[in-house]
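Per chain, numbering begins at 1; letters A, B, ... match sequence-line order. Excluded from the calculations below are hydrogen atoms, water molecules and symmetry mates; all remaining heavy atoms, backbone and side chain alike, are included.
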Amino acid sequence: MPELPEVETVARGLQKSVAGRRILSVTLRKTDFIDDPAALERELPGRRIARVERFGKFMLLQLASQQGLSEPREAAAATVSEALLVHLGMTGNLSLHFANQPLAKHTHVTLVLDDGRELRYIDPRRFGRMAYLSGETLATELTRFGADPLLVSEEEFAKRISGSRARIKALLLDQSVLRGVGNIYADESLWAACIHPAKSGARLQPQEASRLRKELQKILRQAIRMRGSTIIDFVDAEGLPGDYQQRHKVYGREGKNCFRCGARIKRMMVAGRSSHYCPSCQRAGRGIAGPGKKTKRKSRARTSKK
DNA sequence: CTCGATCCCTGGACGC
DNA sequence: TGCGTCCAGGGATCGA
């Protein structure tokens, strides 16, 4: 499940391999995860990819300005006003293939490049998102997101966390608070900072908030160094899996012993997400918000829709 | 403002 | 072997 470190890994790989390449043509298959499929077919062919960057859990394939069609040396420096936004969702992957390699199942978008290769978007579940955005629309879209967790200052972080009574886990997952943190790294950083996932953000002590930011950044940086976590099938732009799952302290370790105190790792639902924590290291205390009970999902009888 | 519930989607695990 | 059921979860949306 691609979160900040996984997306960063893919973006770095693509920056190396496709920056400067021109898109010759676009083939779309399933398009229900694309904002405006026609816009991709209309705007991308003939355009050069200036650079690839991560923005939260998105990848931004920035397009060189139209004018610079003839070898724009300034491509990388040009102002970003047009980009292809790619969100990998749960199972998405954007990777480079030779044109003669067979199409993997669930390949929904193919960008044919000018060097005989293709950028392919593969996503079984289609929880991802793709959109061509430009100008004001692009700028507006990006302002919906909060601070980058790797760049956020201690003051800014404290302000964003302590200003809300929502549970800290929910705040970490909220992309308008911080952009890029998902379920794995939220759980890992809360464990590292000894904070219960259901504790209210407003009730974190200043030193707790400070420690949480520090641990979160440390974990994200380390995870990037290890090319992210591969739980089921994540691979980077070159098809390599990540290694950080070997460092997970709580995620996926329910019932196992805490590496710090030996207690049994528990799991509870917080903010609708499965949350792994050590009941001994991460004390509930009085700062706990909400019901915090394990919510059993009742089987929904889906009415056959037409 | 914050919450849970529901929906989107498919593959994999599991029970029978 | 095969079918049904449950589960995973990022994000949007809706009602409480």
Side-chain angles (χ1 to χ4, degrees), chain A residues 1-8 10 29-35 54-59 85-94 104-109 121-131 140-142 144-146 149 159-188 197-204 228-235 245 248 250-255 267-276 287-306:
Chain A
M1 36 221 75
E3 303 180 26
L4 188 152
E6 292 76 29
V7 179
E8 178 76 28
V10 175
R29 290 167 197 91
K30 288 199 176 166
T31 60
D32 55 359
F33 63 98
I34 303 175
D35 283 24
R54 176 189 61 78
F55 184 89
K57 293 179 198 172
F58 282 89
M59 269 182 290
L85 248 72
V86 181
H87 194 298
L88 300 176
M90 295 289 300
T91 52
N93 181 247
L94 190 63
K105 203 176 171 189
H106 306 298
T107 302
H108 305 304
V109 177
Y121 181 75
I122 305 164
D123 188 359
R125 257 139 116 183
R126 305 202 301 284
F127 268 25
R129 179 184 165 202
M130 201 175 281
T140 306
E141 177 66 18
L142 298 185
R144 297 173 47 223
F145 297 93
K159 197 174 81 186
R160 286 175 175 270
I161 293 305
S162 62
S164 169
R165 284 190 301 283
R167 296 139 145 188
I168 185 62
K169 171 78 182 265
L171 291 173
L172 288 174
L173 294 179
D174 186 337
Q175 301 299 296
S176 70
V177 174
L178 290 174
R179 62 176 122 107
V181 182
N183 206 34
I184 295 174
Y185 299 100
D187 282 2
E188 292 297 314
K199 186 162 182 167
S200 160
R203 302 190 74 135
L204 289 202
S229 303
T230 294
I231 299 298
I232 313 272
D233 53 7
F234 168 76
V235 290
Q245 65 281 2
H248 290 177
V250 283
Y251 185 85
R253 297 195 65 247
E254 182 183 13
R267 188 166 69 99
M268 70 184 288
M269 296 304 278
V270 180
R273 293 289 172 258
S274 171
S275 301
H276 311 73
I288 297 311
K293 278 273 143 340
K294 198 174 269 186
T295 53
K296 207 43 165 216
R297 251 221 305 232
K298 42 198 65 172
S299 57
R300 53 204 138 105
R302 11 162 48 125
T303 50
S304 68
K305 61 161 181 192
K306 173 62 251 277

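- Between A:Glu141 and A:Arg129 there is a salt bridge, with a side-chain nitrogen of the basic residue lying less than 4.0 Å from a carboxylate oxygen of the acidic one.
- Once the 5.5 Å centre distance and the 30° plane angle are applied, the aromatic ring of A:Phe127 is found stacked with the base of C:dG9.
- Distances shown here put every side-chain N or O of A:His106 at or beyond 4.0 Å from the OP1 or OP2 atom of B:dC9.
- Counting to the nearest Å, the P atom of B:dC9 and the NE2 atom of A:His108 are 11 Å from each other.
- Atom CE in A:Met269 sits roughly 13 Å away from atom C1' in C:dG10 (whole-Å rounding).
- Comparing B:dC3, B:dG11, C:dG9 by their nearest atom to the side chain of A:Ala166 picks out B:dC3.
- Between C:dG11, B:dG11, B:dC3, one nucleotide has an atom nearer to the side chain of A:Lys105 than all others, and that is B:dG11.
- For the pair A:Lys199 and A:Leu204, the tightest heavy-atom approach, listed with the atom from each and the gap, is CD-CD2, 3.7 Å.
- Closest to the A:Ser164 side chain, of the nucleotides C:dA8, C:dG10, B:dT2, is B:dT2.
- Axis angle between the ends of the helix from B:dT2-C:dA16 to B:dC16-C:dG2, five pairs each and rounded to 10 degrees, works out to 50°.
- Distance CZ (A:Arg125) to P (C:dC7): 14 Å, rounded to an integer number of Å.
- Straight-line distance from the CZ atom of A:Arg167 to the C1' atom of B:dC1: 14 Å, rounded to whole Å.
- When all heavy atoms of A:Ser200 and A:Arg165 are compared, the pair lying nearest together is OG-O, 3.1 Å.
- Judged by distance alone, the side chains of A:Arg267 and A:Ser274 do bring a donor and an acceptor atom under 3.5 Å apart.
- At the phosphate of C:dA8, OP1 or OP2 sits under 4.0 Å from a side-chain N or O atom of A:Arg267.
- Between A:Tyr251 and C:dG9 there is a side-chain N or O to OP1 or OP2 distance below 4.0 Å.
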>> Could you go through A:Asn183 and A:Arg273, starting from their C-alpha distance and side-chain angles, then the distance that decides it, and tell me whether this counts as side chain to side chain contact (heavy atoms under 4.5 Å, CB included)?
In response: CA-CA 7 Å; A:Asn183 206 34; A:Arg273 293 289 172 258; 3.6 Å; yes
>> Using the rule given for side chain to side chain contact (heavy atoms under 4.5 Å, CB included), can you reason through A:Val177 versus A:Gln175, listing the C-alpha separation, both sets of side-chain angles and the distance that settles it, and then say yes or no?
In response: CA-CA 5 Å; A:Val177 174; A:Gln175 301 299 296; over 6 Å; no
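- Between A:His248 and A:Tyr185, the two ring planes are perpendicular [angle over 60°; tilted spans 30° to 60°].
- Residue A:Arg165 has its side chain nearest to B:dT2 when only B:dT2, B:dG11, B:dC9 are considered.
- Dashed line: the shortest gap from a side-chain N or O of A:Gln175 to OP1 or OP2 of C:dG10 is not under 4.0 Å.
- Across every non-hydrogen atom of A:Pro2 and A:Val7, the tightest pair is CB-CG2, 4.1 Å.
- In this structure, CG on A:Asp32 lies 8.0 Å from NE2 on A:His108, to the nearest 0.5 angstrom.
- Put simply, CD on A:Glu3 is 15 Å from P on C:dA8, counting in whole angstrom units.
- Atom CE in A:Met90 sits about 14 Å away from atom P in B:dT10, given to the nearest Å.
- Residues A:Asp187 and A:His276 bring a donor and an acceptor atom of their side chains to less than 3.5 Å of each other.
- In this entry the distance linking NZ of A:Lys57 with P of C:dG10 reads 5 Å, nearest Å.
- If you take CE of A:Met130 and P of C:dG11, they are 16 Å apart, rounded to a whole angstrom.
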Could I get a table of every N or O pair under 3.5 Å where one atom is in the protein and the other is in nucleotides 12-16 of chain C?
residue	atom	partner	partner atom	Å
C:dA12	OP1	A:Arg144	NH2	2.9

